[in-house]
Amino acid sequence: MSKPKFAMYWAASCGGCEIAVLNIHEKILDVDANFDVVFWPVAVDTKYKDVEAMPDGDILLTLFNGGIRNDENEHIAKLLRKKSQILVAFGSCACEGCIPGLANLSPASEIVETAFSTVSTDNPNNVRPQTHYTVPEGEIQIPRIYPTLRTLDQVVEVDYYMPGCPPESHQIAAVVDLVVQVLQGKAELPPKGSVIGAGNSTVCDECPRKRNVKSITSFKRIFGQPIDPELCLLEQGIPCNGIATRSGCNARCPSAGAQCIGCYGPAEGVIDYGARLITAFASVINSTDPEEIDAILDGIPDPTGQFYRFNLAGSLLKAGKSAWDKA
Amino acid sequence: MAKYLLYPGCSMESSAKAYADSLAAITKPIGLELEEIQDWNCCGATEYLGISLTPAYALITRNLALAAQQANGHRTVVAPCSACYLNLAKADYYMREQPKLGKMVNEALQAGNLSYKPGSLEIRHLLDVIIYDIGLENIKSKVVRPLTGLRVAPYLGCMVPRPDYEGRWSDHEHPVELDLLLKALGAEVIDFPLKTHCCGGHMTQIGPETAFELIRRLIASADQYQADLMATLCPMCQMNLDAYQSETNRHFGTNYHMPIVFFTQLMGVAFGIAPEKLGFGMELVSAKKALEKIGLEIPEQETLLTRPKKAEGLPMPKPLPLKHQVAKKDEVEK
Amino acid sequence: MSDVFEPVIVGFTCNWCSYRAADLAGTARMKYAPNIRLIRLMCSGRLDPTFVFKALANGADGVMITGCHPGECHYLEQNYKALRRFHLMRRTLKGLGVEPERVKLVWASAAEGAKFASEVTAFVEEIRALGPLHWGKALGNGSTPNVAEEAVGKEKMEVAA
Amino acid sequence: MATPQTLDPPKAVPKMIEDLTLLEEVSARTAGVSRLEMCIQCGTCGGSCPSAADMDHTPRMLFAMLRAGMRQAALMSNTPWICVSCYHCVVRCPQNVHIADVMYTLKGMAIEAKLFQDSTAPDFSQTFVDMVEEYGRSYEFGLATRHYLKHFPLRLPGMAPMGMGLLSKQRMSITPTRIKDIKQLKAILKRAKEIEGDNHG
Amino acid sequence: MTKTTTNQPDGQEKIGVYVCHCGSNIAGMVDVQQVAQWAGSRLKDRGVVVARDYKFMCSSLGQELIEKDIKELGLTRVVVAACSPHLHEKTFRTACERAGLNPFLCELVSIREQVSWVHTDKVVATQKSQAVVSGGVERVLHHEPLEPLTVPIHPDTLIVGGGIAGIQAALEIADAGYHVFIVEREPSIGGHMAQFDKTFPTLDCAACILTPKMVQAGTHPNITLLTWSEVEKVEGYVGNFDVTIRKKARKVNVEKCTGCGICQEKCPKKIIDDVYEAGLGYRKAIYTPFPQAVPKYPVLDVKNCIFFEKGTCKACQKFCPTDAIDFEQQDEILNVKVGNIILATGYDLFDARKVTNYGYGRLANVFTSIEMERLTNAAGPTNGQIVLRDGKTVPKAVGIIHCVGSRDRNFNNYCSVICCMQSLKFAHLVHERTGATVYNFYIDMRTPFKDYDEFYQRVLEESTLFVRGKVAEVTDAARLPGEEGKLIIQVEDTLAGKQRRIPVDMVILSTGLEPRRDSREVGKLFGISCSANGWFTEKHPKLDPVATMTEGIYIAGCAQGPKDIPASVAQGAAAAARVLGKIQQKEMALEPVRASVIEEKCSGCRICNNLCPFNAIFFHEDRMVTEINPALCQGCGTCVAACPAGAITGTGFSNEQVLAQIDGLLLLNVGDEPIPV
C-alpha cells in the first residue's frame, strides 16, 4: 500500500523551522521511510495546483510553519487545511506569530515604506509593489499584504501546536517517532488542540540554576557585569523569561548563561504570555515607592519587546494600536 | 582632594574682610581648595525676597547657573555668609519643591542665556564643609597654639542651622558643630544658650531700637557666662554685634566689651598664623585683651555661671545621641 | 445611540475598600457616569494584567483599577503589588501604542464614596477625550481584516514615474 | 546710576469687605508650598519671635487676619517688616507653615498695594535692591549713608564714629564694585519682572 | 493559541436569573421586567432556563421562589440581580443551600447600589443592568461547589504584654476556666501603670488598684506567667498557633528563691534605673523592679553584674539563704500551642530630648511626665517629694507643657489623648504638695469622658494659671530682671495676643505616647499590620476595634493607639470576650475562598514565595515545588495573579470566572456591540 502523505509549508517565517526539521539527523530517514513527501517547497518541487488537485484529506500530516501575513499565506493555509487530516502549527511563527509578528507594532503601509524607501533599500525609481503588473511575458501577481500578521489558528482550525523558534530537534524527532508509532498502531494521538513536542511546565522546571525567594532592586542587561553561573538569572536582575516560558527546550539559554527570551511561548493554559511576565516581574520588585518602582522599571527599556517578542500576534491584543487603527 | 566652588558674597569684600583674610589664611593648612565663582552677583540678602518673587529668585539663581557652568565634576558650592548660604540653598530647594517657580526663574535666566537645573548643585556652608569634609581630627593635627583658657561663646546666628532644608546640621536650636570645632582648637567653649538666636538682622537699618534689644540679649548672655569673646560664622552677625555694640551700650546705658571674631580667625590663631594675617584689628570692639589670654593659666573661678553637671541629687537624663552626620564621624563623638 | 462617544469602561474593585466605596456612593445616592461596569476582586493584588488586556481586547475603551490606600490594604501590603504591576502594565501598553491613560489606578477607601463617584466621572471624561479604542471591532475575534488596498494606499500602488 | 526711588506715604484706602481670596492669593504668591491653610493658631510663631514685642500683630494673629480676609489691616501691619528672618518659628511650627516666606510675600504685596505705615523698611529694601540692580553687588556705604540720611538723620552723628571706624579699617569702601556682565543681570531681572507681572498683575 | 472568544457552555448547566425590584429602589430607575425578559431570551443559549423579576427577592417569599425553582426546574446555578453582595449574598446563598444547591453556585450582582441609585437615565440604567446580569451569568457558569474548611480551636490563649490591658484580658479568660500564657519582657508584670502614683480623674492610687490584680494574675491556677521572656516565632493559624518563646535566664532558680530580697541588699553594684524609675532612681545589678513586683523573683542584669564583668564578687550567691542564685543558668526556649493571641504590648514614651527648644536633658529642672510620676510617687526616689533636680529645693513656680511631641509634624502628628488629663493631674498634685504657682500651657484643652471636665473645673478652682499657647522655648538665658537663675518659658498667650516670658523653677513636659519601637517587627511576627504611625491596625476602627485582619489575633490597650487606663481595661476585657467566643465554638469555618498550587504546572521558580503576608506560601526544597497552606491563606489572590506559569488557582475568584464575567459585561456572549450606552 502507498505511504501516508506528508507536507510542510513555509509562510511568513525565517525558514529556521525547515532547517530544524532537517537537523533531526538520521530521523529524517524515518520520515522518508514512513511518508510520501507530497508538498514541501524547500525540499520537493510541487506546484500549488498539484496540491489543489489532491482530494480533500489526502495528506495525513502537514507541518505548517510561519504566520499569515498576506493573501497567499492565507490561501495556502486554507488549502492545506482542506487537504490535510492533521494540521500542525509548527514553530513559534505559526503558533504565536514570533518575530514576524512583531511587525504588528506598525501599520502595514509603514512596513512597505520601510522595505521600499529606506536607505538600506536600493530603489532608485522609488517603486512600490503592486498586486497586478503586466510585463512582456504577461501579467504577474504579487500577494497582498494584510494589515497585521495572524497566527495559523486565527485563520484555520489547527489540530496540534508545536512551539519553539525553532522547535528543538530532539522534540521534532520525538514527534516524528510518535506519529510513526501511531501509524503502526502502537500509540494514540494526543487530544486535538494540544501542544506537542514540549513540556507542560515552564523553563525553570528544567533550569539547573539555584533559586531563592526573589526580591529585585534593579534590572540589568546581561552583559557588562559578572554573572553568578550558579544562581537564577532573574534573582541577579537579569530579565529572564524562563519563569513564564513553556518547558521543553531543556533550558538551553539559561544553562548556557543567557536569559530565556521566551521562544517556546506561554505555559499550558496561559491566556496571555506577556501578562504573566508583567505580573511576575512586577511582583518581585522590592519597593513600595512609586518613583523608586519607576526607576527600577527603567531597567526594562522595552517592555513590549521583552514580553511579546514571540507572542505578540498570539496575544490578547494581537497588535500595536497603530496597526489595528488602520485596520 | 575635594575642590569647591566659593560664593564669597558681598560682605566678604567689605565689612567682613577679616573673614575673607582669615579664610584665605587657613585654606592651605587644612587643604581646602576653593575656586571663586566668576562674576557672581549679590544674593539679595533678606531684602529682595520682600520686594518681588521671581526677580529675587532669578537674582540668586544666576549665581547657581554660573557655578554650574564652572563646576566640572565638582558640584559643591560653599558660602561663608549665612544669608548667602540660605538664599542659595532656599532657591535650589524651592525650585524643586515647586517646579512652577523653577520654570519662571529659568525663563528669566534665558534672557541672559543661562539656565539652572534645581538640585544639580550641592549648597553648603563653610563650617559644614570644614567639620564634615576636612574633619576635626585633621584640624586638631594642625593646632600648634591651642586656645587653652580662652572662653569662647560659639555663635551661629539663624540662617545657617535654620531652616536647614537638607538636614545638614545636628540641631536647629543647639547645634554642636561650632562647639566641637572650637574645642578642637583647645578653647574653653561655653554652653551658650543663645547660640542660634537673632543678631537683629537688617533691623539695625530699619528699626534700630528693635535691633539694639536683640544685640543686648546676646552680648549680655555671653557676658553672663564670662566669655572672652564670641566666635561667629556670619558677616551680618559680626557686623551687628561688633559695629553696633557701642551704640547698643549707649542705648541701654550698659558697658559691655565683647569682641566678636570669625571662627576662621581663631582657627588661624590656633594654627600659629600671625594675627595681622587673620584680619585681627579690623574689629571695632578690640579682641586684643582676649588674645593676650591665650596660653596663660586662668585661675579657677567659682562664680562662673555653669549648669549643675550631674552632681548629687537626681541624675540627669543622658544626652540624645547626635544626628547621623555627626554620629558617623566618630572623632566628633568624643 | 447618541453621536457623542460613550466610552465603555470596566472597573476592577477591591472587595474591602473600593467596592464598598461604590456601595456607599449608592446608598448616598451620588450620581456618576453609567459607562463603568464593576468587577469585584478580593484585593487589587488579585488583578492580573490579563484581565485588563482582555477587557481592552473585547471592546472596553478604558479600565479603572481601584484598591485600598497604600498602607491600608486589607491584606496588609498587596495593593503595593498591584501598584507595581500597574506601572509595568502601563509601560507595556505604551509600547503597544495604547495610551497608558486608558488604564487608571485609583486608591479609594470604603469611606470615600464621593471620591469613587467623582473619579469614575472624571475617568469617563478622560477616556471620552482619548476617543474610542474600538480594538474589538478592528481585530477582535478573528474578524477577517481588510486587505492590501487599505494597508498599502492605492496611490502607492503606482510606479513612481 | 538710577535715582533712588522712594515710596509715597500710604493713601487712605476704602474699608473693604471680607476678602476670602486673600489667603489663597498669599499662598499662591509664596515661594514653595506655604501650607498657610494648615495653621492651628497654636502661637508657636508668636512665642518664638525675637522681635514680637515691636509687632502690631503676632504672626499667628496675622494669619488669622488673612483667613478673615482683612486685606487692608493685614497688609498695613508692620509685622512682616519687623520679621528678622530668624526662622525659629519655621522650624518649630507644628504644622510646618513656611512662615518666613509668607512674611516676604506680605511685604511684596504691601509695597504693591502701597499699604504700610512707615516707609523706612520698604525704602531700605528698595534702596538695597536699586543698588544691587545697578551694580550687581550690594553697596553698604552708599546704602547706609543714603538710608540713614533719609530716615535717621539724628542718629547719623551717633553712627559717624562707627562709619569712620569701618572706613578706617577698610571694612566699608566709598566706591561701589560692579560685576562684569551687569548687562546680562539686568536682562535677566527685566525678564523676571515681566514674568512676575504676568503672574500677579 | 490564545482565545479571545467566549467558550461555549456545555449545555449541562441550568441557570435561574432573579431580578429584584427592591420596591421602587431598583424598579424606579431600571425596567426590571425588561432585564428579566432580556436575560430569559438573549441568554437562553448561555444556559438561562428561567428569569423572573420580583418585588423583594430578599423577602421570605422571594427566597422561596428561588428554592422552588431549584427543586422543580433543577437549577444548577443562580444569579440574583439586587442589592450589594455585602448586604444579601449570605441570604441568597443560604436560600440555595436550603434547596440543596451548594451556596457557592449562587452569584449576587448589584443593580441597586451600582446602577439604580447612581444613575439618572432609565434606558441606560436598564441596559447597564442587562450587562451586569450577563456578566453574572457568564461568571456563575464557572463557579464550583465549595465546602468551607473547618479548623479546631485550641482552648489556650497567649497574651503578649503584662500591662493593665493584658492582665485584665488574662483574668477574664482564666476566670472563665481556660488557660492563659502571659509573656512579659520585663521582670515583672504591671506595665506603665505600676510606675504611676495617682490616676485621673479620681486620683486613686495606681498601686492600690493595680497590685491586687497583679497578685491575682500571679496566683491564678489558669495563668502561666512568663516574665523576662519574649516571643520569638509564631507559626500556624487561628485555633492552632505554635508559639516559640524565649525565657531569658534570670540567673535565679525560682524553685528555690523566696523573694526575700537579701541579694539586692547585698549587691554592691548600683545602676541608674532607666526603666522603672525612668532614670531618676537607682537599682542593683540583681533586682526586682519594685517591691510589689509579680513574680517576686529578682533578675540578674548580666550587663552590669560585677561577677560577669570581673569574674569575682558573687555577693548575691554568698548571701542567698536558699542558694537560689545560678550564674550558669541559660535562656530557655518554650513552645506553646494556643488557639488565640492577644497583643497588649503597650506604648513607649516620646523622647523629650528631641524637642531641643524645651531643653530636656540640657536644663536640669526640665522633667518629663514619667519622671514626674516617679517624683510624685510615695515609693519613688524622693518618697513623693516634688523637688528640683538638686534633690532638695521645692519649686515655687512650675510650668506644665502639654502636647510635647504630639500634634506636631516635626515629631508625632497625632494627639496622645492622655496628656491633657495627665497635665491637669500634675497641676493638682504640685499645687497640693508644694503650694507652688502652677501654669498649664495648652493648645486645646481636651477633657472628654466621664468626670474629666469636672476635674478640669477642680484644677481651675485651685487657681492654676492656664495659658493657651504652644510653648516656643524654655531657656535659662535671663533677659529681664527676675529671670536670673530661673527657667523662662517663652510663649505667645494667644488669648491675650502677646508674647510672654514666664520665669519658673520647674518645667514638666507632658510627653506623648509612641508605638513601641519594635511594633512593626512585632506586627510582622504575628502577621498584623501597623498604621502609618506604627500603631497596630484593628479590623474595623468602629465595629471591630479589638480584632485584627489575621483571624485569631486580637489587640488591646495602647498597642492599638493612645488611650487611658479605663479604655485599656475595657479593651482588654473586650478582647477576652472575643477570644472566649472563639474558644466556645470549639471549631470554626474558614471562607473557602483560597488559593492552591497545581503541582505539575509549578516549576518552582519561587516568584510567589515572598508575596504572602500571612506566610501561607512555602517552598518544598526537595520537590522544588511551592505549596499553599489553605488554613493560612486569606484568599487575596495576589499569588494567583503573580504566577508566571498559571500554576496557582484561586477558588471563588478564578481566572475563568473573572474573564468570563468580562465577556459577559461586554456582552460578547450575545455577540452585541460592547455595551450600547
Side-chain angles (χ1 to χ4, degrees), chain C residues 1-2 6-10 12 14-15 19-20 22-51 54-55 57-61 70-78 81-82 85 117 120 134 136-137 139-142, chain E residues 4-6 83-87 110 112-121 124-125 127-128 131-132 135 139 523 527-532 537 549-550 593 611-614 634-642 646 650 652-653 655 658-659 661-663 665-668 673-677:
Chain C
M1 252 172 121
S2 55
E6 288 297 346
V8 175
I9 290 163
V10 174
F12 295 94
C14 151
N15 176 61
Y19 193 89
R20 288 167 199 266
D23 280 355
L24 180 60
T27 31
R29 308 296 200 277
M30 299 162 178
K31 306 300 177 205
Y32 58 83
N35 308 51
I36 191 164
R37 307 280 180 273
L38 295 186
I39 291 181
R40 179 166 63 127
L41 302 175
M42 288 310 278
C43 174
S44 52
R46 175 64 180 92
L47 185 97
D48 185 327
T50 311
F51 301 163
K54 170 89 163 174
N58 285 9
D61 301 293
E72 293 176 13
C73 178
H74 179 91
Y75 299 101
L76 308 190
E77 56 203 29
Q78 307 304 57
K81 281 124 194 171
R85 291 168 185 163
V120 170
H134 58 55
K137 296 197 203 72
L139 281 178
N141 326 329
Chain E
T4 7
T5 46
T6 328
C83 50
S84 163
H86 290 135
L87 235 64
S110 167
R112 190 179 74 173
E113 285 80 355
Q114 293 172 18
V115 181
S116 67
W117 277 352
V118 288
H119 300 328
T120 49
D121 175 327
V124 174
Q127 286 166 335
K128 178 172 175 180
V132 172
R139 192 183 199 288
I528 67 172
S529 61
C530 294
S531 71
T537 315
M549 276 322 302
T550 305
V593 174
L611 295 185
C612 182
F614 308 101
Q634 304 284 316
C636 68
T638 303
C639 56
V640 183
F653 287 84
N655 287 337
V658 178
L659 293 167
Q661 189 174 8
I662 296 174
D663 286 340
L665 284 177
L666 297 173
L667 298 177
L668 247 77
E673 281 290 289
I675 315 174
V677 174

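Below, chain A is the first sequence line, B the second, and so on; all start at residue 1.
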query = Nearest heavy-atom pair of E:K128 and C:P34: which atoms, and what distance?
reply = CD-O, 3.6 Å

Nearest atoms (heavy-atom pairs only) where E:I662 meets C:I39 =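 Result for this residue pair: CG1-CD1, 3.5 Å.
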
Toward chain C, the part of [X] with a non-hydrogen atom under 4.5 Å:
X      : answer
E:D121 : neither
E:L87  : neither
E:V593 : side chain
E:T120 : side chain
E:A642 : both

Indicate yes or no: at least one non-hydrogen side-chain atom of [X] is less than 4.5 angstrom from one of [Y].
X      : Y      : value
C:D23  : E:Q114 : yes
E:L666 : C:V10  : yes
E:H86  : C:Y19  : yes
C:M42  : E:T638 : no
E:V658 : C:K54  : no

Per-residue contact mode, [X] against chain E (heavy atom under 4.5 angstrom):
X     : value
C:L41 : both
C:I36 : both
C:A33 : backbone
C:R40 : both
C:K31 : both

Could you grab the distance from atom [atom1] of [X] to atom [atom2] of [Y], nearest 0.5 Å is fine?
X      : Y      : atom1 : atom2 : value
C:K81  : E:C639 : NZ    : SG    : 10.0 Å
C:N58  : E:L659 : CG    : CG    : 9.0 Å
E:T537 : C:L76  : OG1   : CG    : 8.0 Å

query = What residue, out of E:G637, E:P613, E:A641, E:C636, has the most heavy-atom pairs lying under 4.5 Å from chain C?
reply =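 Option with the top pair count is E:C636.
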
inquiry  = Under a 4.5 Å cutoff for heavy-atom pairs, which residue among E:H119, E:E113, E:R139 has the most contacts with chain C?
reply    = E:H119

request  = Just do the side chain to side chain contact (heavy atoms under 4.5 Å, CB included) check on C:N15 and E:F653 with the steps written out, would you?
outcome  = CA-CA 11 Å; C:N15 176 61; E:F653 287 84; 5.8 Å; no

ask   = Does the side chain to side chain contact (heavy atoms under 4.5 Å, CB included) test come out yes or no for E:V640 and C:R46, once each step is laid out?
value = CA-CA 7 Å; E:V640 183; C:R46 175 64 180 92; 3.5 Å; yes

